[in-house]
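Predicted model, so just to flag it, every value in this text is computed and none were measured. These numbers come from the heavy atoms of this one structure, side chains and all, not from hydrogens, waters or symmetry mates. Just so we're on the same page: letters track the sequence lines, and every chain starts at 1.
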Amino acid sequence: MAELKNLTKRSENYSQWYNELVVKADLAEQSAVRGCMVIKPYGYAIWEKMQRQLDDMFKATGHVNAYFPLLIPKSFLSREAEHVEGFAKECAVVTHYRLKNAEDGSGVVVDPAARLEEELIIRPTSETIIWSTYKNWIQSYRDLPILCNQWANVLRWEMRTRLFLRTAEFLWQEGHTAHATREEAEQEAVRMLNVYADFAENYMAMPVIKGVKTESERFAGAIDTYTIEALMQDGKALQSGTSHFLGQNFAKAFDVQFLDKENKLSYVWATSWGVSTRLMGALIMSHSDDNGLVLPPHLAPIQVVIVPIYRNQEQLAAISEKAEAIAADLRKRGISVKYDNADNKRPGFKFADYELKGVPVRLVIGGRDMENNTIEVMRRDTLGKETVSCDGIDGYVAGLLEEIQKNIFEKARKFRDANIRIADNYGQFKEIIEEGGFILAHWDGTPETEARIKEETKATIRCIPDGFDTTPGVCMVTGKPSARRVLFARAY
RNA sequence: CGGGGCGUAGCGCAGUCCGGUAGCGCGCCUGCUUUGGGAGCAGGUGGUCGCAGGUUCGAAUCCUGUCACCCCGACCA
C-alpha cells in the first residue's frame, strides 16, 4: 500500500497531522484574515450535508428557521450580567460607519466624524438580539412556544485558532426557543441534546456521551448546559454540541412576559442550542488515518468513485460505457457517484487522492475486468480490496456503504469505551490522565476543587454523564462526600 | 498579552553571517511516450525578495521603523 509520504503520521505529531490533513484534503485553509478560515468547496460540501441532515431533524421536531442581525447594540449584551461577563473579552466592536481618503493619499482611513452613537457588537451568539425581538412577539400563552433556529456565522476573538476546531469566525446553527413553562423548556433542551446525539452517532459515526455541565463549565447565562462529549484519537475530549436551559434569565433581562390562562403575568422560559463547524474537526479526528480522511458514507459528498484503467481511447470508450451504466444504477439508489475519467492524471495518483479525501468506496475497471465482467472494490475504512462480479454491483455497494458506516462507528465506539477508565484516588487520576481518555472519578461538587484539578492536571469535568456509576463516594481530592462519579478529560 | 519562529515564483524552501547579474524542488504550459498504486524524457513559463525609510558606487543581504502570519502558553464552541 502506497503511503502518503507528505502527511505526518498521527503517532509522530497528532496536531500536525490534523493541520496538514485539513489543508491537503482540500477542506479549508488559512485566509488573509487573522484567525479566519476559508472553507473550500470539498469541505463545504461536507458541511452542507451536515446542515441538510440537521435541518431536517430540526424541522421534524417542530422548529422553523429565521434570521436575526449580525450586529448587536452594545447595551443589549450587558442586560444579562453573566452573559456579558462570559463573552465580553472576545467581542469585535463596530465603531464607525464610513471611510474616507487619507489626506496624504496613502489609502482610506476611518472617518472620525462617522462615529456610531452606540457601538455595535458583531454577534458572538444571538441570545440578546433574539430576546429583544421575542419581547415584541410574545404577549399571551397563545404565542408560545416559539421554536426558532437560525443558520449563521458568529465571531469570537479567540487568542489562538485552529482550522475548524477554533476559528474567530465560525458557522453554526443556534436554536432559540421560548416556552410557557419550566418543564416544557427543560424538555426542549433535553430533546435537542438527543437530536445532536442521534446526529453524531448515526451520521457522523461518532459515539458521544451525554451529560450536564458543572456550574463552572456552563454557558454564560444558562441554568443548565447539556452537552455531548466525544473522544478524539489522541485521547482528548471534544465538546461537540450543547443545549442550554436558560430558565427565565433572558426573559427577565429583556422583560419578556406573557399572560397565562389564568390571566396571570409571568416570564417566559427559554432554551438555546447549537452545533458549529467544529463538528468538521470532530469528524476528521474521529475516523481519519495516516492515509488521509475517512468519511462516514452518510456524510461523504462523494460516496463512490469509479476509476477506469485503459491503454487507449478505444478501450476507454468501452470501459466508460460500462462504468456509466454502473454509476446510473448506483444513483438510482440515491448514492452519489463520481466517474473519474480524467485523462490528465494516472490511476495511481487518483487512488492516493481519493484516499486522502476519504471517499468511502472506490471501484476500478480495467481490461481484465472487462473480459471477466468483474470490478475491483476498495473500501476506505479498512483499505481492503476485492474483485467482484459486475452483476448486482449496485446492491453490493449499497450494502457495503452501510457496513462501512457501522464499522467506523463501532471502531470509534470500541476505542472510546477502551479509554473510559476509573480513578479511585488522585494519584491514580494523575497517572491515567497522562494516557488520555475519559476518567470517571468522584468529586465533591465544588468549583474550587474542580479548578484545582484543572490547574494541576489540565483535566476538566466534561460533564456529569447520563448513566455510568451513580453510587455515592468520596472526592478523590478532598475526601468530602461525592454524589456520584463525574467524567473528566483533557479537552480541545 | 508573554515566549519562539517566519515573510524570497502559485506552493515548499535555499541564499542573509561575510553586500556585487535572483536560485532549487514541486506545480504550471508545449510535445512525444505512458496509464492495474502519486509516470518518463525534452523544451518552456513564472519573483519591484512583506512594507517604509536609511547607509553604500551597489542592498534579498547591513541599520532603523512598521505590518502580517504561524507555533508554544494564559482564554475559549
Side-chain angles (χ1 to χ4, degrees), chain A residues 1-7 13 15-16 19-20 23-24 29-36 85-91 104 106-107 124-125 153-174 196 213 216-220 225 227-230 237-244 272-282 291-292 307-313 315-316 319 340-356 362-372 374-376 378 383 385 387 454-455 458 460 491-492:
Chain A
M1 189 60 54
E3 294 214 347
L4 287 159
K5 300 179 191 77
N6 297 330
L7 187 62
N13 185 337
S15 178
Q16 195 178 330
N19 288 334
E20 286 179 9
V23 172
K24 287 178 194 288
E29 62 189 27
Q30 297 289 350
S31 73
V33 184
R34 193 209 81 106
C36 296
E85 196 188 324
F87 287 103
K89 284 178 288 184
E90 51 191 36
C91 284
D104 63 3
S106 61
T125 180
N153 56 342
V154 288
L155 190 73
R156 297 179 188 177
W157 209 267
E158 300 290 349
M159 297 294 187
R160 269 191 67 208
T161 59
R162 287 187 75 190
L163 294 174
F164 290 122
L165 294 175
R166 182 170 300 105
T167 46
E169 181 190 12
F170 56 94
L171 306 184
W172 77 346
Q173 57 70 216
E174 47 182 326
Y196 289 153
K213 288 286 186 188
S216 48
E217 296 280 331
R218 219 175 263 157
F219 176 77
T225 289
T227 178
I228 51 172
E229 297 286 327
L238 184 74
Q239 177 177 309
S240 303
T242 48
S243 180
H244 316 291
S272 68
W273 29 273
V275 294
S276 71
T277 37
R278 180 179 240 203
L279 288 181
M280 292 286 294
N291 288 310
V307 178
I309 293 171
Y310 52 92
R311 297 193 177 279
N312 51 54
Q313 290 303 311
Q315 190 182 26
L316 174 60
I319 290 172
D340 186 355
N341 62 349
D343 196 30
N344 56 4
K345 292 193 173 64
R346 299 172 78 257
F349 182 93
K350 293 177 184 176
F351 295 167
D353 196 46
Y354 289 115
E355 277 161 29
L356 179 62
R362 184 186 76 213
L363 303 178
V364 178
I365 315 183
R368 290 203 301 264
D369 299 299
M370 290 299 280
E371 285 173 24
N372 302 328
T374 56
I375 191 162
E376 184 189 87
M378 195 211 71
L383 297 172
K385 281 193 276 199
T387 300
K454 183 177 180 181
E455 171 74 26
K458 291 181 182 165
T460 50
Y492 277 99

Partner of B:U56 under the Watson-Crick or G-U wobble criteria, both distances under 3.5 Å, comes out as none
Re B:G65: Watson-Crick or G-U wobble partner, both distances kept under 3.5 Å, found to be B:C51
Identify whether any heavy atom of A:Q239 sits under 4.0 Å from a base atom; if not, whether one sits that close to sugar-phosphate; answer base, sugar-phosphate or nothing. sugar-phosphate
Exercise: do A:E229 and A:T227 side chains pair donor with acceptor under 3.5 Å: yes
Any strand, both distances under 3.5 Å, Watson-Crick or G-U wobble: B:A74 pairs with none
Looking only at B:A74, B:C71, B:G38, the nucleotide nearest the A:N19 side chain is B:C71
By ring pair (Phe, Tyr, Trp, His ring centres under 6.0 Å), A:W157 pairs with (sequence neighbours left out) none
query: Between A:N291 and A:E355, do the side chains contain an N or O donor and an N or O acceptor separated by less than 3.5 Å?
result: no
Gap in Å between the two C1' atoms, one belonging to B:G23 and one to B:U16, rounded
14 Å
Between CD1 of A:I375 and P of B:G36 the distance, given in whole Å, is 17 Å
**Prompt:** Is the phosphate of B:C70, meaning OP1 or OP2, less than 4.0 Å from a side-chain N or O of A:Q30?
**Reply:** yes
Any strand, both distances under 3.5 Å, Watson-Crick or G-U wobble: B:C41 pairs with B:G31
As its Watson-Crick or G-U partner within any shown strand, both distances under 3.5 Å, B:C13 has B:G23
By ring pair (Phe, Tyr, Trp, His ring centres under 6.0 Å), A:Y310 pairs with (sequence neighbours left out) none
Any donor-acceptor N/O pair under 3.5 Å between B:G37 base and A:K385 side chain
yes
Rounded to the nearest 0.5 angstrom, the CG-CZ distance for A:L163 and A:R278 is 13.5 Å
Can you check nucleotides 39-42 of chain B for protein contacts, nitrogen or oxygen pairs under 3.5 Å, and list what you find?
unit_1, atom_1, unit_2, atom_2, d
B:A39, OP2, A:R346, NH1, 2.4
B:A39, O4', A:R346, NH1, 3.3

Does a donor on one side chain sit under 3.5 Å from an acceptor on the other, for A:S15 and A:R162? yes
Winner on side-chain proximity to A:D353, out of B:G37, B:G36, B:G38, is B:G38
Review point. Got a donor-acceptor contact below 3.5 angstrom from the A:S240 side chain to the A:L238 backbone?
Key: yes
